[in-house]
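Here's the structure we're looking at; comments come further down.
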Amino acid sequence: MSAREEILARIRTAVAGARDDGPADAGIPRGYRAVRQVDDLVELFAERVRDYRAIVHVVPEDDLTAALARVAGGRRLVLPEGLPGGWAPGPGHADPYTADGVLTACAVAVAETGTIVLDHGPGQGTRAETLVPDHHVCVVRAAQIVGGVPEAVARLDPSRPLTWISGPSATSDIELNRVEGVHGPRTLEVVIAT
Amino acid sequence: MSATFLGMPGNFPKNAAEAVQNSQLRFNLRKATHTIRDKRAAVVGELPDWQELRAAGKAIKDHTLRHLDRYLLQLEEAVTRAGGTVHWARDAAEANRIVADLVKATGETEVVKVKSMATQEIGLNEALAKEGVTAYETDLAELIVQLGDDFPSHILVPAIHRNRSEIREIFLREMPDAPAGLSDDPAALAEAARLHLRERFLRSKVAISGANFMIAETGTLVVLESEGNGRMCLTLPRTLISVVGIEKLLPTWRDLEVFLQLLPRSSTGERMNPYTSMWTGSVEGQDFHLVLLDNGRTGVLADEVGRQALRCIRCSACLNVCPVYERAGGHAYGSVYPGPIGAILTPQLRGMSSDLDASLPFASSLCGACYDVCPVAIDIPEVLVDLRAKAPHGAAERAGMKAAGWVLNSERRLGAAQRLASRMRRFVPKRRLPGPLAAWTDTRDVPDIPEESFRDWWERNERA
Amino acid sequence: MRVALFVTCVNDTLFPGTGKAVVSLLRRLGCEVDFPAAQTCCGQMHVNTGYREEGVRLARRFTEVFAGYDAVVAPSGSCAAMVREQYPKLVRPGSRGAAAVAEVAPKVYELTEFLLDVLGVEDVGAYFPHRVTYHPTCHSLRGLRLGDRPARLLSRVRGLELVPLPGAEECCGFGGTFAVKNPAVSAAMGADKARGVLDTGAEVLCAADNSCLMHIGGTLNRQRSGVRIMHLAEILAATEESR
């Protein structure tokens, strides 16, 4: 018997006496909140991202180009394919290994947890491009912010690679002291366009 | 190479008796567990629907386990469809064989690893070393443990037993590229690890990971981490091999809405961990292999009471609130799974034939703090008590407990025993009892034996 | 109301004063109290040490002895939790004695539950002019979820000054046979608990379980700390006249 067949057979024997609880979801109590009632999503999101010691700017959509130019401040940034017109603060730097940072859009953002999610679609770069550079500048549009995790999961496409980011890379492995910046970008800068 | 726990000598009481004398360890553990405990309580307290999330988490896992065969097949199909290859391993040896062959097929002799409990459980690093393949741990704590030729002592913070100066010494001794003037500042130590691993990440062609969750419906794997070493390993190498226990499954994509709230808050005490990676099959041209591991899990599944341990999502909240873990430390449990969850998981996965494994179900005062914080409501005390009934007991203890049972099964015999004790009360030493009860009087006085039991008092005063 | 006292084997043998206190307290509050003489032990020690057969035997015995009462009152959170929480799992539905368990177990009350939930009394007319700290034992706290019941009762005792115990919710390290099977860890936990008690400056440590008090008190005594241990029932039974 193959390992596959044997493991499946062991499972069937093991659960043979257990009550069949019917199809998926039939008996799952989902009494938790599916939607968050949040008065000001931008404010909550900004507060929660700052809690992770990330840098946050809230700017009107009309000022976005100017704001990104200020944030870039002459750094050599990777500018991924599909970045919306007008965002590029200058010529892009192609090689993430020698770049100073990377500028991306995002797929969705979660206010309650201060999380941005990349699905690495247009303007969001490859996974390596958003990881290797030491400085990640991410633009979040107000309409992309949802209240909580359930709303974010519902908006995402699982067939895409997804990267959930909550603050800069960190470790608490030494005496539970939080140190920001290990292998991922040491600085996370979030620009919220309202 | 860090050693493996298998076949470790001793037993829990003996190991713990040594550990409680280690003042440095006691200090490190107390500080660390209380810090995470408080962080967890704060972020769990923020969610008004925590109990509802917990109930959903429990129900989703129970449902999955009931239909594990069906969901594993669904997962296999989805991963395969997305360009991945699925392998099945009955036990540690088979899983290690599969991984070693996959690595050797690439022609590489070095692999980078993301922290994974499953690969520690099967002793993968040691197995690969025998095949001439060197596995490099990339999680900071795992790196500290590996460089120190040490055992992990906590599920989430494997080097919780080490303080900063010990870590500095390990780095200076074992890390050839450690800066000469390295200080014991955690930021400086983390920076040294960053530089040490940077080249390795860029050079490595093969990575090995575990996974926190696998989604049957979509074939998606999910890894939660903090440092970015996970993203490095999962993203940069050409070949990715993930070794995952079969119980890590969730039926639907939507189920993540529950577990992405339960796990980070229970584990690191954060609203969300810094990085979570999700991928389905082969991504960006990567060669992806999934090794599904049984290694005793189907045996646990067959136990009506014990199977709830398979709901575990390895958050380690139970370790951080456990008064026994806090004082004994992780090494006393002789397993990659220490603390309350280890005390019920290890004897079920490994059996109770060794002295150590047979002592684990007794490594608890049954205080119930673990059950209260468990995000999937594993009733750890219930499983402990059930395992105690299955564990071997010494002949003297058996005889004593049978005798006690005989006395307690008759009010006349109990009354006679009480009157005997009362007559002997002057001769009961307060500070040194004989036999196994000496364990009591080593640190505690014996209470005064009363002149008269309650039942005799009642008989004398009330029965008339 | 026919009220039975389940004194528990530990109290019966080692702490008869606690049983006497419950009798006097309940009578003062107008209850008729009976002590079924055939009672012995709830079986917790056997079950929790892995001797299920003996435990089941004692569980069946318990339900036979206490059948027919309106309420069974126990001055022990641990033993009350054993009967109410563990019996239904121990004596499986459908097996011999399961019906008796279903009948008797829900009528078993820990003392403070009985006073507040059944009798509805918060002020039991007690007088105890001392500085007291309260240790909420694990099975009272996390098994029965007694919550603030003991504190509510103690706060109405005249003369009593209740001081909070640091790290109150942490286990004292008794744990039944754990205390002798894992003596090093048990003692380490007991030492930390004793330190917490001393930090309060209390004269008296009180709890709803004498087994835990025996462990903490044994530790405090060994240190010649001078702190007295007392079961909650004995404080609630004390009056100005009884002094």
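For chain C, no part of B:S422 is nearby; none of its heavy atoms comes within less than 4.5 Å. For B:R37, the part sitting under 4.5 Å from any heavy atom of chain C is the side chain, from C-beta outward, and nothing else. Proximity to chain B (any heavy atom under 4.5 Å) is shown, for C:V47, by both the backbone and the side chain. B:R26 touches chain C through its side chain: at least one heavy atom from C-beta onward sits under 4.5 Å away, while N, CA, C and O do not. Contacts of B:Y371 with chain C are absent, with no heavy-atom separation under 4.5 Å from either backbone or side chain. For chain C, the nearby parts of B:K402 are the backbone and the side chain; heavy atoms of each come within less than 4.5 Å. Only the side chain of B:D379 comes within contact range of chain C, with at least one heavy atom under 4.5 Å from a heavy atom of that chain. There is no contact between B:D456 and chain C, counting heavy-atom distances below 4.5 Å. Heavy atoms of B:E382 lying under 4.5 Å from chain C belong exclusively to its side chain. Both the backbone and the side chain of B:R455 have a heavy atom closer than 4.5 Å to some heavy atom of chain C. Looking at C:L90, there are no atoms closer than 4.5 Å to chain B (heavy atoms on both sides), in backbone or side chain.
The ring-ring contact (aromatic ring centres under 6.0 Å, His included) contacts involving residues 402-429 of chain B comprise nothing, where partners must be two or more places apart or lie in separate chains.
Put simply, the side chain of B:V20 reaches to within 4.5 Å of the side chain of C:V185, judged on heavy atoms.
Among the candidates B:L384, B:L408, B:V324, the residue making the largest number of heavy-atom pairs closer than 4.5 Å to chain C is B:L408. Per-residue counts of heavy-atom pairs under 4.5 Å with chain C were compared for B:A328, B:S410, B:A391; the largest is that of B:S410. With chain B as partner, the option from C:H46, C:R57, C:E53 having the largest number of non-hydrogen pairs under 4.5 angstrom is C:H46. Here B:A404 is the residue among B:A421, B:A404, B:P361 with the most heavy-atom pairs under 4.5 Å with chain C. Interface remark: of the candidates C:G43, C:G175, C:A187, C:A179, C:A179 forms the most heavy-atom pairs closer than 4.5 Å to chain B. Listed options B:A19, B:S453, B:A438 were ranked by heavy-atom pairs under 4.5 angstrom with chain C; first place goes to B:S453. Chain B forms more heavy-atom pairs under 4.5 Å with one residue of C:T177, C:T49, C:T137 than with any other, namely C:T49. Between chain B and the options C:G50, C:A191, C:G19, the largest number of non-hydrogen pairs under 4.5 Å is found for C:G50. Looking only at heavy-atom pairs under 4.5 Å with chain C, the residue among B:C367, B:A439, B:P13 that has the most is B:C367. Among B:G368, B:S359, B:A16, B:G415, the residue making the largest number of heavy-atom pairs under 4.5 Å with chain C is B:G368.
Of all heavy-atom pairs spanning C:N48 and B:R388, the tightest one is O-NH1, 2.7 Å. For B:P323 against C:E170, the heavy-atom pair with the smallest separation is CB-OE1, 4.3 Å. Nearest heavy atom pair, residue B:A17 against residue C:A184, reads CA-CB, 3.5 Å. Closest of all the heavy-atom pairs between B:P436 and C:V180 is O-CG1, 4.1 Å. Taking all atoms of both residues into account, the shortest heavy-atom contact from C:Q86 to B:V385 is OE1-CG1, 4.5 Å.
Using non-hydrogen atoms only and a strict 4.5 Å limit, the part of residues 30-39 of chain C facing chain B consists of C:V33, C:D34, C:F35, C:A37, C:A38, C:Q39.
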key: Check against side-chain contact (heavy atoms from CB on, under 4.5 Å), C:K89 and B:V305   = CA-CA 10 Å; C:K89 290 182 196 166; B:V305 177; over 6 Å; no
task = Walk me through it: do B:W440 and C:M214 pass the test side-chain contact (heavy atoms from CB on, under 4.5 Å)?
result = CA-CA 11 Å; B:W440 179 275; C:M214 178 171 75; 3.9 Å; yes
task = Go through the steps to decide whether C:M189 and B:E326 satisfy the test side-chain contact (heavy atoms from CB on, under 4.5 Å), and finish with yes or no.
result = CA-CA 10 Å; C:M189 289 161 69; B:E326 182 189 326; over 6 Å; no
task = Show your reasoning for whether side-chain contact (heavy atoms from CB on, under 4.5 Å) applies to C:V65 and B:E411.
result = CA-CA 11 Å; C:V65 169; B:E411 72 273 23; over 6 Å; no
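Annotation: the span from B:S364 atom OG to C:F178 atom CZ amounts to 7.0 Å, rounded to 0.5 Å. Distance check: C:L14 CG to B:Q418 CD gives 8.5 Å after rounding to the nearest 0.5 Å. For the atom pair C:R52 CZ and B:D386 CG, the distance stands at 4.5 Å (nearest 0.5 Å). Here the straight-line distance linking atom CD of B:E304 with atom CZ of C:R92 works out to 6.0 Å at 0.5 Å rounding. Once rounded to the nearest 0.5 Å, the distance linking CZ of B:R444 with NE2 of C:H215 reads 5.5 Å. Atom NZ of B:K430 sits about 6.5 Å away from atom CG of C:N221, to the nearest 0.5 Å.
Note: C:Y51 and B:H393 have tilted aromatic rings, judged against thresholds of 30 and 60 degrees for the angle between ring planes.
At most 12 heavy atoms of other shown residues, nucleotides or ligands fall within 6.0 angstrom of atom CD in C:E169. In this structure, B:K390 places its NZ atom where more than 12 heavy-atom neighbours from other residues, nucleotides or ligands lie under 6.0 Å away. Within a 6.0 Å radius of CZ in B:R412, no more than 12 heavy atoms belonging to other residues, nucleotides or ligands are found. Counting heavy atoms of neighbouring residues, nucleotides and ligands inside a 6.0 Å radius, atom CZ of B:R432 does not exceed 12 of them.
Using a 4.0 Å cut-off between charged side-chain N and carboxylate O, C:K20 and B:E452 make no salt bridge. Under 4.0 Å is where a charged nitrogen must lie from a carboxylate oxygen, and between C:R145 and B:D372 at least one such pair does. Look at B:D445 and C:R224 and you find a salt bridge, because one of the NZ, NE, NH1 or NH2 atoms lies within 4.0 Å of a carboxylate O, short of that distance.
Of the residues B:W458, B:W457, B:F454, the one that meets the side chain to side chain contact (heavy atoms under 4.5 Å, CB included) test with C:D12 is B:F454.
With hydrogens and angles ignored, the 3.5 Å screen pairs a side-chain donor or acceptor of C:H139 with a backbone N or O of B:L366.
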